[in-house]
Structures are given as structure tokens and as C-alpha cells.
Amino acid sequence: MTGTLRRWLLKGLKRPEGLVGGTHDEEPPEHQHSWWQVMCLTGVDYFSTLGYQPGIAALAAGALSPVATLVLVALTLFGALPTYRAVAEQSPHGLGSLSMLERLMPGWRGKLLVLFLLGFVATAFIVTITLSAADATAHILHNPFVPQALAGWQVPVTLLLIAALGAVFLAGFSEAISVAVVLVAVYLVLNVVVVATAVQHVITAPEKVHDWQQTLNSDYASPLAMVAVALYVMPKLALGLSGFETGVAVMPLVRGDVAERVRGARKLLTTAALIMSVFLIASSLATTVLIPPAEFAEGGSANGRALAYLAHLYLGDWFGTAYDLSTIAILWFAGASALAGLLNIVPRYLPRYGMAPDWTRASRPMVLVFTAIAFVITVVFGAEVEAQGGAYATGVLALILSAAVAVALSAWTSRRVRPALFFGAVTLVFGYATVANIIERPDGLVIALLFVLAIVVVSLVSRATRSTELRVTRISLDDAARRFVNEAGELHLIANEPNNRDAKEYVDKAREAWELHRLRTREGLLFLEVTVPDASEFAGELRVIGEERHGFRVLRMQSTTVANSIAALLLHLRDLTGKTPQVYFHWAAEGNPIGALLRYLVFGGGDIPPLTREVLRQAEPDPARRPVVHVG
């Protein structure tokens, strides 16, 4: 029974290819589509926020909601949109701003920053699942055709929707753009009808507009005060900025070469932002003017479903029910899109860093983990849409802030002063919005930091346990190296830590080989030198360069770690020549073994001889075929 369950859970596990799991190159998707179709895949996340954004804006800003929404739209069109258009150009393979920051900050700094930001990515995506399910539940329970006896079942129904989402992925789910196109098209058409009808009622009800204006005039001393308060509450409306990171992530699905992909991604980002901006402004004005403030509060008929409230009020319950069903479908699919995004993020970063257990390459265990986390968050927040808004906004704002920082740094390092100053200003604005949101509603930061802690702990443990894998994706020898190997009799390789690389260094090393191992130079000794330019990388390609220095033949290579690369080369030479290579070391200087282990994990060095033997032992279980390690 246990074996059957394990096979089912690990079905589809992507086993390593070659030596340690293949290269890091992104394979293009099998099916690509027009940019507007891919926009619909982004739209299930972005456009679905219309289901709850007007209500959250009304709760956050009250009568000032339309003004605050105008500020949000300005930030969208003149801040987030230019930022992500730049990200699309500089990260055309869909890796987004995290990849840019990784390139701009090489080594451990960049990887630790990515691990930190992955916590906010997880927050944004997980809360997308829980918040979308909660809002879908609100549309279900407030529908007039649903029995009143279910009115208090917000949490159980939300959990049921999340469980259904997880079950679909466990059964095997592949995102279909055709489904997204249908859902988005129907949803937008219904929203056009609802919003247009609501705006018409606003125009034909000047007394309600007058009452709204009177409220603004009595609450705020001047238009400047309105703008100031709108800027203050704007971070609470940041949910309307979701979708940009997803828009970049789906870039590989856009049909064409890299240049066409970038143009298509910019079109879909711009078109989606313009469509959403129009809907946000119109819906915010209509819902603020037409819906009594008490209905937005918890338990009110417009709580989490302001446009659905207007649909039932002005277009009847049958049309309103059709609108509810469309909203429920797109919200559920937004959760599916978020879960698929999480399942794509893990293999794109953590395994490449050597920071993910083997089972994370299978989708089903990860679905169970993410579903369990979504359950916990739903119960903690009581499946309340507005209560989860702060956590969602924190994740969204942190992602946009990281994108703005990446684009600003990229412009600055390439000496483009004006773009650097512009995106620096955008960074400051989003930095303010992120900090303000965290100060007022710290629950999002708490969730993100819990994700960061879990990611870092799992990553470091996984990196340590996987450290003795071969960690080489491919090995190539240049002509000189191949000639040295072919002309050698028995393969005797002398491990040498390169320092000055002068004649004295090689003569001393040859003398040491004679004193410790009784090896003569005329036996065709090959010196082996490994340098580690970046130990933070987990695996990489090994290029072996042959070189003659001071009468000695040297095989030189760069790698992420010394011991693993030596072991991988020995196995490769065995398979290439049919001979059993032998490598010769001298004992390292005495020191704390814990310190040596840390040097190995962090800097790729450490106590090389025993580590090399351990890597070989794990890679080749047959002692008769295993290359020999000598230490003297």
C-alpha cells in the first residue's frame, strides 16, 4: 500500500538527466499562442480582482474611493506598467525580476535575495488562491437562489473550493489557454453590461451624485486634502495591481522569436492595464455612488461582491446569477493559475540552486503542501475577503518593488541616467506603498517571513544533503586536453591548488608526488587544477583546458566546487579511455572538520580528498570500476 501511494505521489517526477540533472536552459513551450490569448491567461488573475476590488476600495477609502482609485490607476499606468515593460525586455524567458536581481547580484548575495523574495512570491500566490476562493464563496452564499441556511458557511465552502482545486491538480491539470480565453471573454462582456448599466444609473440619478459630493466636501477641507488622504490609503488598494508578474511569467507562451515575444508581452501588459484601468475607475465611481456604505461592511450584501450586488439590483436575479457564475468561474481559475505558478516557480529556482528535495520535482506532493497551507490561511482569516487584502497587497507590492529595483539597477549599471532616475522614483513610490501597507497590516509580512524561514531552512538542508552529488551537467575537453589524455599511459592525475603557477610550484609538486607516491615525471603525470569562481552555483558545465607550463602538462578547469568536479572528470576519463584514472592528493592542513565542511558548502573547497572519494563512492557503487583516490 505504501509503495503504491509513493508511486502515485511521485508520478511525473522529473528525474535528473545526464550527470546531475541536465542544463539550465529554458526549453520553449510545445504550444505557443497569440499575445491576446496569452493575455487572457494573465487576465484570469488580473481581471478577476474586479470581483472584490471595488468593495475593498470602498471599505478602505469610503466616499474617497474613486479618487483613491484614480491614484491607483496613475500608479499602474505610469509606474508598474513601464517597469514590467522593461522587465519583459530584459527577461524574455519568463523568469521575471527575480532573475534580473540574480544576475545583477552574483554569488550568494543574489541567491539569498531570491530566496527572500520567493517568500513574498509564495505569499502573493497562496493568498490569491485563498482570497479568490473566499470571494467566490461570497458570490455563492449571497445569491438569492442559495438557501439562507448556508449563510454562515463561509469557511467550509471556501475550504471545499480549495480542496476541489487541489483535487483537480492531483488528478492531473494542465492550464488551457482556450479555457482562459472563454472565461475572460464572458467575464469582461458581463462586466461591460453591469458597469455600463451602473454608470447609466449614476448619470440619471444626479441627487445621489450630489449626496456623494456633499459627503466629500464635508469630510475634506480641500481637493488637496482629498489627494493627500487618497495617497495615504492607496496601498490598501494595491490588489488592483496584481497580474503584472504573471504577465511576465507567461512570456514563453507568446508565439515568435525573442524579439516578437518581447513585443507581444508588452502589448499584452499594456492592453490588460488599460482595460483594467477603465473598469477600476468606472466601477469604483458607480459602486461608491449607488451602494449604501453599510452594504460594504462585513455581513453586507455588497461585501466582497459590489458589482454582483449592482447586477442583481438593476438587471435582475437571473442575470445576476449568470454574473455570479462567471465571477465564481474566473475566481476559481485565478486560484488554478496561482497554483500552477507556484508549481512552476519551485523547479525554476530551488532545484537549480541545489536547494530542493528530490520530491519537489513532482507536482502532487507540492499540491498537497500548498493546499494544506491554503487551508491554514483560510481558517486563520475566517475566509474573509477584506481581512486577506493586506496580506495579498503585501505580496503584490513586494514583487512590484523588486521589479522596480531590478530595472533601476539595470539602467544604472548600463549608464542610462534618465531611465535610472525615473525607475528610482518609481522604486521610492512602491517602497512607500509597501512599507505603509506593512505598518498598517503586518499580517502579510508575517506570512511572507514564515514562508522565507521555511524556504531558507529547507533550502540549506537540501543543499547540504545534496552536496555530494556530481553537480556537473556536461564535460568537454579541448584539443590539447584530449591529446594529453590520449598520449598518457596510465592516467595519473596530480591534484594541484594553483597559486603562482610558476616553475617552482610545479617542480615542488612533482617532487612531492615522488616522495609521497613514488610517481616519476616520465610516467606521463598530468597536473589537475580547479578554480571556483562562484561557489554559490550548485551545478555547471565543466570545460577542461589542456596547457603546457614549464615542461609540465596541466588540465585546468573552473567549477562550482573542487571535489565534485574532480570526481566527475575521473568518471568521464574512465568512460572515455576505458582506463581506471588515479588521482593523488596530499593531506590538507590540520583544522576543525566542521570548519572544513562549511568551507566546502559555502566556498566549494574544504577537505578535498575524502570529499572526492565520497562523491565517487555515491556515483559509482562498484569498487572495481571506481577511480582510485590516493592521499599521502
Side-chain angles (χ1 to χ4, degrees), residues 35 39-40 42-58 60-61 64-89 96-97 124 128 131 184 188 191 195 227 230-250 265-288 307 334 389-390 392-408 419 422-434 436-437:
W35 67 267
M39 182 192 71
C40 292
T42 303
V44 295
D45 177 19
Y46 194 20
F47 300 143
S48 67
T49 59
L50 287 170
Y52 47 81
Q53 174 74 12
I56 289 179
L64 198 62
S65 173
V67 180
T69 300
L70 279 174
V71 173
L72 178 69
V73 167
L75 188 58
T76 297
L77 297 179
F78 302 108
L81 179 58
T83 297
Y84 277 93
R85 283 172 61 91
V87 171
E89 181 180 12
S97 58
T128 296
L131 190 147
V184 168
L188 290 182
N191 271 283
V195 172
V227 173
L231 288 171
Y232 174 75
V233 302
M234 182 271 297
K236 298 179 181 179
L237 279 62
L239 288 77
L241 290 166
S242 67
F244 282 101
E245 194 73 26
T246 309
V248 172
V250 298
R266 287 181 158 189
K267 287 179 183 178
L268 77 85
L269 289 169
T270 303
T271 304
L274 291 174
I275 292 173
M276 192 64 176
S277 296
V278 172
F279 274 116
L280 285 175
I281 294 171
S283 63
S284 176
L285 176 63
T287 54
T288 303
L307 288 177
Y392 189 32
T394 297
V396 170
L397 287 170
L399 290 181
I400 299 178
L401 176 61
S402 69
V405 169
V407 174
F422 172 78
F423 289 114
V426 172
T427 299
L428 292 177
V429 173
F430 279 109
Y432 151 74
T434 304
N437 185 76

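Since the structure is predicted, the reported quantities are computational estimates derived from the model, not experimental observations.
Judged as a side-chain hydrogen bond (donor to acceptor under 3.5 Å, both in side chains), and not counting sequence neighbours, the contacts of Ser97 are Ser402. Residues meeting the ring-ring contact (aromatic ring centres under 6.0 Å, His included) test with Phe423, sequence neighbours left out: none. Residues passing the salt bridge (charged side-chain N to carboxylate O under 4.0 Å, His left out) test with Arg85, sequence neighbours excluded: none. Contacts of Phe244 classified as ring-ring contact (aromatic ring centres under 6.0 Å, His included), with partners at least two apart in sequence or in another chain: Tyr46, Tyr84. The side-chain hydrogen bond (donor to acceptor under 3.5 Å, both in side chains) check on Ser48 picks up nothing, with sequence neighbours excluded. Not counting sequence neighbours, the partners of Val44 by the side-chain contact (heavy atoms from CB on, under 4.5 Å) test are Ala180, Val184, Ile330, Phe333, Ser337. Listed by chain and number, the residues in a side-chain contact (heavy atoms from CB on, under 4.5 Å) with Thr394 are Phe120, Asn437, Ile438 (sequence neighbours excluded).
Counting only residues at least two apart or in different chains, salt bridge (charged side-chain N to carboxylate O under 4.0 Å, His left out) contacts with residues 266-282 comprise Glu89-Arg266.
When all heavy atoms of Pro66 and Leu285 are compared, the closest pair comes out as CG-CA, 3.9 Å. Scanning both residues, Thr427 and Ala408, for their nearest heavy atoms gives OG1-CB, 4.2 Å. Between Pro235 and Leu231 the shortest heavy-atom distance is CD-O, 3.6 Å. For the pair Thr42 and Gly247, the tightest heavy-atom approach, listed with the atom from each and the gap, is OG1-CA, 3.5 Å. Between Phe422 and Pro82 the shortest heavy-atom distance is CE2-CB, 4.0 Å. Between Ala433 and Leu397, the shortest heavy-atom contact is O-CD1, 3.6 Å.
Looking at heavy atoms from C-beta onward, Ile400 lies out of side-chain contact with Thr83 at the 4.5 angstrom threshold.
Counted within 6.0 Å of OH on Tyr432, heavy atoms from surrounding residues, nucleotides or ligands total more than 12; the atom is thus considered enclosed.
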Ile56 and Leu237: side-chain contact (heavy atoms from CB on, under 4.5 Å), yes or no, with the steps?
CA-CA 7 Å; Ile56 289 179; Leu237 279 62; 5.8 Å; no
Please assess Phe78 against Val426 for the test side-chain contact (heavy atoms from CB on, under 4.5 Å), listing each intermediate value before the final yes or no.
CA-CA 9 Å; Phe78 302 108; Val426 172; over 6 Å; no
For residues 272-283, tabulate all N or O donor-acceptor pairs below 3.5 Å that involve a side-chain atom, not counting sequence neighbours.
{"residue": "Ser277", "atom": "OG", "partner": "Ala273", "partner atom": "O", "Å": "2.7"}
{"residue": "Ser283", "atom": "OG", "partner": "Phe279", "partner atom": "O", "Å": "2.6"}
{"residue": "Ser283", "atom": "OG", "partner": "Leu280", "partner atom": "O", "Å": "3.3"}

Contacts table for residues 68-76: side-chain donor-acceptor under 3.5 angstrom, sequence neighbours left out:
{"residue": "Thr69", "atom": "OG1", "partner": "Ser65", "partner atom": "O", "Å": "2.8"}
{"residue": "Thr69", "atom": "OG1", "partner": "Ser284", "partner atom": "OG", "Å": "3.1"}
{"residue": "Thr76", "atom": "OG1", "partner": "Leu72", "partner atom": "O", "Å": "2.9"}

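Here the CD-CG distance, from Glu245 to Asp45, works out to 11.0 Å after rounding to the nearest 0.5 Å.
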